[in-house]
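Reading through the structure tokens given below for one structure.
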Amino acid sequence: MGYHEWKTCIDACLQCAAVCNHCASSCTREDDVKMMARCIELDMQCSAICYASAQLMSMGSPQAKELCAICAAICEACGEECSKHQMEHCQECARMCKACAEECRKMAA
């Protein structure tokens with residue numbers, strides 16, 4: 001297994017990482033940045049695990065499934081936090097995180 005078999009999940013992870021980076025950056029420009037701290041923290045964690053998961057899947061790593069299971073959990077947590085905020089960047093991130101978590105769970109099964 002590798003890139004071609006896991007392409008859907010790889011694409012979801014890369015898109016999620018990009019949206020999480022956008023959300024974290026946008027959160028730093030909000031009026032109450034302190035209120036956004038948990039969101040920013042989870043955005044950064046989610047982006048990091050999504051990039052790592054995509055890399056391992058594209059290399060066909062035997063540990064890719066394990067990492068994707070962890071990725072799904074972090075994406076879910078990030079999505080839950082982002083969904084608490086009404087800003088469009090947070091709502092977009094929440095949707096992408098939930099979609100990525102679903103793809104990662106399928107891949108890890």
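Heavy atoms only: backbone and side chains are in, while hydrogens, waters and symmetry mates are out.
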Exercise. Given side-chain contact (heavy atoms from CB on, under 4.5 Å), test Asp43 with Cys93 step by step and report yes or no.
Key: CA-CA 8 Å; Asp43 283 338; Cys93 191; 3.4 Å; yes
Using a 4.5 Å side-chain heavy-atom cut-off and chaining through intermediate ILVMFWY residues, the residues clustered with Val19 come out as Met96
Using side-chain heavy atoms (C-beta onward) and a distance below 4.5 Å, is [X] in contact with [Y]?
X	Y	value
His22	Glu92	yes
His89	Arg29	no
Trp6	Asp11	no
Cys23	Cys82	yes

### Message
Could you go through Ser26 and Met87, starting from their C-alpha distance and side-chain angles, then the distance that decides it, and tell me whether this counts as side-chain contact (heavy atoms from CB on, under 4.5 Å)?
### Response
CA-CA 9 Å; Ser26 296; Met87 292 74 100; over 6 Å; no
Hits for salt bridge (charged side-chain N to carboxylate O under 4.0 Å, His left out) against Glu80, two or more places apart or cross-chain, chain-then-number order -> none
Sorted by chain and number, sequence neighbours left out, salt bridge (charged side-chain N to carboxylate O under 4.0 Å, His left out) with Lys84 holds for Glu81
Sorted by chain and residue number, the side-chain contact (heavy atoms from CB on, under 4.5 Å) partners of Gln91 (sequence neighbours excluded) come out as Gln86, Glu88, Arg95
Practice task
Report the C-alpha distance between Ser83 and Cys90 in whole Å, list the side-chain angles of each, state the deciding distance to 0.1 Å, and finish with yes or no for side-chain contact (heavy atoms from CB on, under 4.5 Å).
Solution key: CA-CA 6 Å; Ser83 69; Cys90 286; over 6 Å; no
Where do [X] and [Y] come nearest, in terms of heavy atoms and distance?
X	Y	answer
Ile40	Ala24	CG1-O, 4.0 Å
Cys75	Cys97	O-CB, 3.2 Å
Ser47	Asn21	OG-OD1, 3.0 Å
Leu42	Ala77	CD1-O, 3.8 Å
Tyr51	Ala18	OH-N, 4.3 Å

Give a yes or no on whether the backbone of [Y] and the side-chain of [X] come within a donor-acceptor separation of less than 3.5 Å.
X	Y	answer
Ser53	Ile49	yes
Ser58	Gln55	yes
Thr28	Ser25	yes

Check step by step if side-chain contact (heavy atoms from CB on, under 4.5 Å) holds for Gln15 and Cys100. CA-CA 8 Å; Gln15 187 176 5; Cys100 188; over 6 Å; no
Same cluster for [X] and [Y] if Ile/Leu/Val/Met/Phe/Trp/Tyr side chains link at under 4.5 Å?
X	Y	answer
Met1	Leu56	no
Met44	Val33	yes
Ile10	Met59	no

Value for CZ (Arg38) from SG (Cys78), rounded to nearest 0.5 Å, stands at 9.0 Å
I'd like a table of donor-acceptor pairs (distance under 3.5 Å, sequence neighbours excluded) in which one partner is a side-chain atom from residues 101-109, with atom names and distances.
from   : atom 1 : to     : atom 2 : distance (Å)
Glu103 : OE2    : Lys106 : NZ     : 3.3
Arg105 : NH2    : Glu76  : OE1    : 2.8

Below 3.5 Å, can you tabulate the donor-acceptor pairs from side chains in residues 63-70 to any protein atom, sequence neighbours excluded?
from  : atom 1 : to    : atom 2 : distance (Å)
Gln63 : OE1    : Ser61 : OG     : 3.3

